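What you see is a predicted model; the values in this text were computed from it and never measured. All chains are named by letter (A, B, ...) in the order of the sequence lines, taking the proteins before the strands, and each is independently numbered beginning at 1. Values reported hereafter were calculated over all heavy atoms of this structure, with side chains retained and with hydrogens, waters and symmetry mates removed.
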There are 2 protein chains.
Amino acid sequence: MNKNPNFIGTTFYSLDTKNRLAIPAKFRLLIPHGQTLILSQGLEGCLELYPSNSWKLLSEKLENISIKNKKDKRAFKRILFANASEVEFDEEGRILIPQLLIDYAVLKKETAVIGLGEKIEIWAKHLWIPYYKKQKNLFIQQASKIEL
Amino acid sequence: MNKNPNFIGTTFYSLDTKNRLAIPAKFRLLIPHGQTLILSQGLEGCLELYPSNSWKLLSEKLENISIKNKKDKRAFKRILFANASEVEFDEEGRILIPQLLIDYAVLKKETAVIGLGEKIEIWAKHLWIPYYKKQKNLFIQQASKIEL
DNA sequence: TCACAATTCCCCACTTTTCCCCACCATGCG
DNA sequence: CGCATGGTGGGGAAAAGTGGGGAATTGTGA
């Protein structure tokens, strides 16, 4: 009965001096109260925030993925899990981001919080903006080919 | 059971100083009460408004297009989701348009709201008028080739 | 075991944004 | 005319985001 969350949209929020970051109320409402979340490193230098059930799906997917080199697979899994962290909301709907992950994503004060369906990505704004501009053109080219 | 809406026609409405935009009553009546809508980027610089189930179908379609490169595929999904937003009607039948999308479509006070069957497009009037004039001629040429 | 430092967490306060509500005006129609 | 409907605008309450003080907790080293 528990419907999968469907996070959508971009918001620009501030990481404060205590490494706290607000999560948009719209997203919070999609997450059952008291549920913990998993914050881990994502690709292209962002962070990923998962509700625990989405995280579970991800780990299962990872088990079934076919990387020929088993050694590489183990390594990938280790890095993913080693840097992952359980986080909770405080009274104001913020999460505390571990220093390790702040360094990984080169987070400064300005961040972009982006809903991607089953997960939420967190980007340093100074990295997101150029990435966005570059990829937007690719998007438009691809989308133009599709009959709507 | 649930019949697809069929939005038709152009209206020129005002975006107010609080970024609210009225949706024509005749369109609203086609949307079940309480249903959320997805506002997202369209092509040629407009915005598109979908009943959420229509958007879901569209996004799945877009996600399944064949991009071999996984990195490009991630980028595609990010752009798709980053520029979309859930919106609801207020008591007066208006939606609140996020600043990000206002910037995307270069919306000023005067907007054009256009019914296109299953979706509604929102244009800055100053962009719509020249686009319309230009495409109208093309339309006439095309029409002469088509048997109706 | 204790003292000290660093981190985390609870709480409060301030500012901005969003949303509820009402009021106005134009239009169309009996 | 008077009433109903639909679009526009704005006041003000409520919610959301931001920042910081200080207590509680944890960890470290003497």
Side-chain angles (χ1 to χ4, degrees), chain A residues 5 7-31 33-39 49 83-103 107-115 120-125 128, chain B residues 5 7-31 33-39 49 84-103 107-115 120 122-125 128:
Chain A
F7 307 112
I8 294 177
T10 306
T11 47
F12 297 110
Y13 279 1
S14 297
L15 185 73
D16 70 20
T17 54
K18 293 180 175 180
N19 293 349
R20 295 175 300 190
L21 179 67
I23 300 300
K26 269 189 180 177
F27 292 173
R28 253 181 289 141
L29 293 175
L30 299 175
I31 299 167
H33 191 67
Q35 178 170 351
T36 63
L37 304 168
I38 310 292
L39 182 65
L49 184 63
N83 293 331
S85 171
E86 275 193 27
V87 295
E88 286 177 5
F89 292 122
D90 70 7
E91 297 297 315
E92 285 74 32
R94 295 172 289 195
I95 59 171
L96 182 66
I97 303 186
Q99 192 59 46
L100 191 72
L101 291 176
I102 287 187
D103 294 341
L107 295 186
K108 308 291 181 195
K109 187 178 187 208
E110 294 184 305
T111 70
V113 180
I114 303 164
I120 298 166
E121 283 191 352
I122 298 167
W123 288 69
K125 188 173 176 183
W128 169 250
Chain B
F7 308 113
I8 294 176
T10 304
T11 47
F12 296 107
Y13 279 1
S14 296
L15 185 72
D16 70 20
T17 55
K18 292 181 175 181
N19 292 349
R20 295 175 300 190
L21 179 68
I23 300 300
K26 61 177 178 176
F27 291 174
R28 250 181 291 141
L29 293 175
L30 299 175
I31 299 167
H33 190 66
Q35 175 166 3
T36 63
L37 303 170
I38 306 291
L39 182 65
L49 185 63
S85 176
E86 268 194 32
V87 296
E88 286 177 5
F89 292 122
D90 69 8
E91 298 297 314
E92 285 73 33
R94 294 172 290 196
I95 58 171
L96 181 66
I97 303 186
Q99 191 59 48
L100 194 74
L101 291 177
I102 288 185
D103 294 340
L107 296 186
K108 308 291 181 195
K109 188 178 186 207
E110 294 184 306
T111 70
V113 180
I114 305 163
I120 298 167
I122 298 167
W123 288 71
K125 189 175 175 184
W128 169 249

Exercise for the section: Nearest whole angstrom, please: distance from the C1' of C:dT7 to the CG of A:Asp16. Expected result: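 Rounded to the whole Å, the gap is 14 Å.
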
Exercise for the section: Please answer whether the main-chain N or O of B:Gly9 pairs with a side-chain N or O of B:Lys26 as donor and acceptor at a distance below 3.5 Å. Expected result: no

Exercise for the section: May I ask you to decide if A:Lys109's main-chain N or O and A:Ser14's side chain share a donor-acceptor pair within less than 3.5 Å? Expected result: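 A pair under 3.5 Å: no.
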
What heavy-atom pair brings [X] and [Y] nearest, and what distance separates the two atoms?
| X | Y | value |
| --- | --- | --- |
| B:Leu96 | B:Val87 | O-CG1, 3.6 Å |
| A:Arg20 | A:Asp90 | CD-OD2, 4.2 Å |
| B:Ser85 | A:Ile8 | N-CG2, 3.7 Å |
| A:Leu107 | A:Ala124 | CD2-N, 3.4 Å |
| A:Ile38 | A:Glu86 | CD1-CG, 3.8 Å |

Handout entry: A:Leu15 and A:Ile102: CA distance, side-chain angles, deciding distance, side chain to side chain contact (heavy atoms under 4.5 Å, CB included) verdict
Key = CA-CA 10 Å; A:Leu15 185 73; A:Ile102 287 187; 4.0 Å; yes

Fill in the blank from the handout: Students should find that the nucleotides of DNA chain D closing off the region near chain A, any atom under 4.0 angstrom from a heavy atom, are D:dA16 to D:dG22

Fill in the blank from the handout: dist B:Ile122:CD1 -> B:Leu39:CG (nearest 0.5 Å) comes out at 5.5 Å

Problem - Passing option when A:Val113 is tested against A:Phe12, A:Phe7, A:Phe27, A:Trp128 for side-chain contact (heavy atoms from CB on, under 4.5 Å) - result: A:Phe27

Practice task
On DNA chain D, check which nucleotide each of A:Lys109 and A:Leu29 is closest to and give me the residue with the more 5' one.
Solution key: A:Leu29

Fill in the blank from the handout: Whether each nucleotide of nucleotides 17-22 of chain C has a protein heavy atom under 4.0 Å at its base (B), only at its sugar-phosphate (S) or at neither (-) is summarised, 5' to 3', as -SBBBB

Practice task
Enter the inter-axis angle for the ends of the helix from C:dT1-D:dA30 to C:dG30-D:dC1 (five pairs per end, rounded to 10°).
Solution key: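 The helix from C:dT1-D:dA30 to C:dG30-D:dC1 shows an end-to-end axis angle of 30°.
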
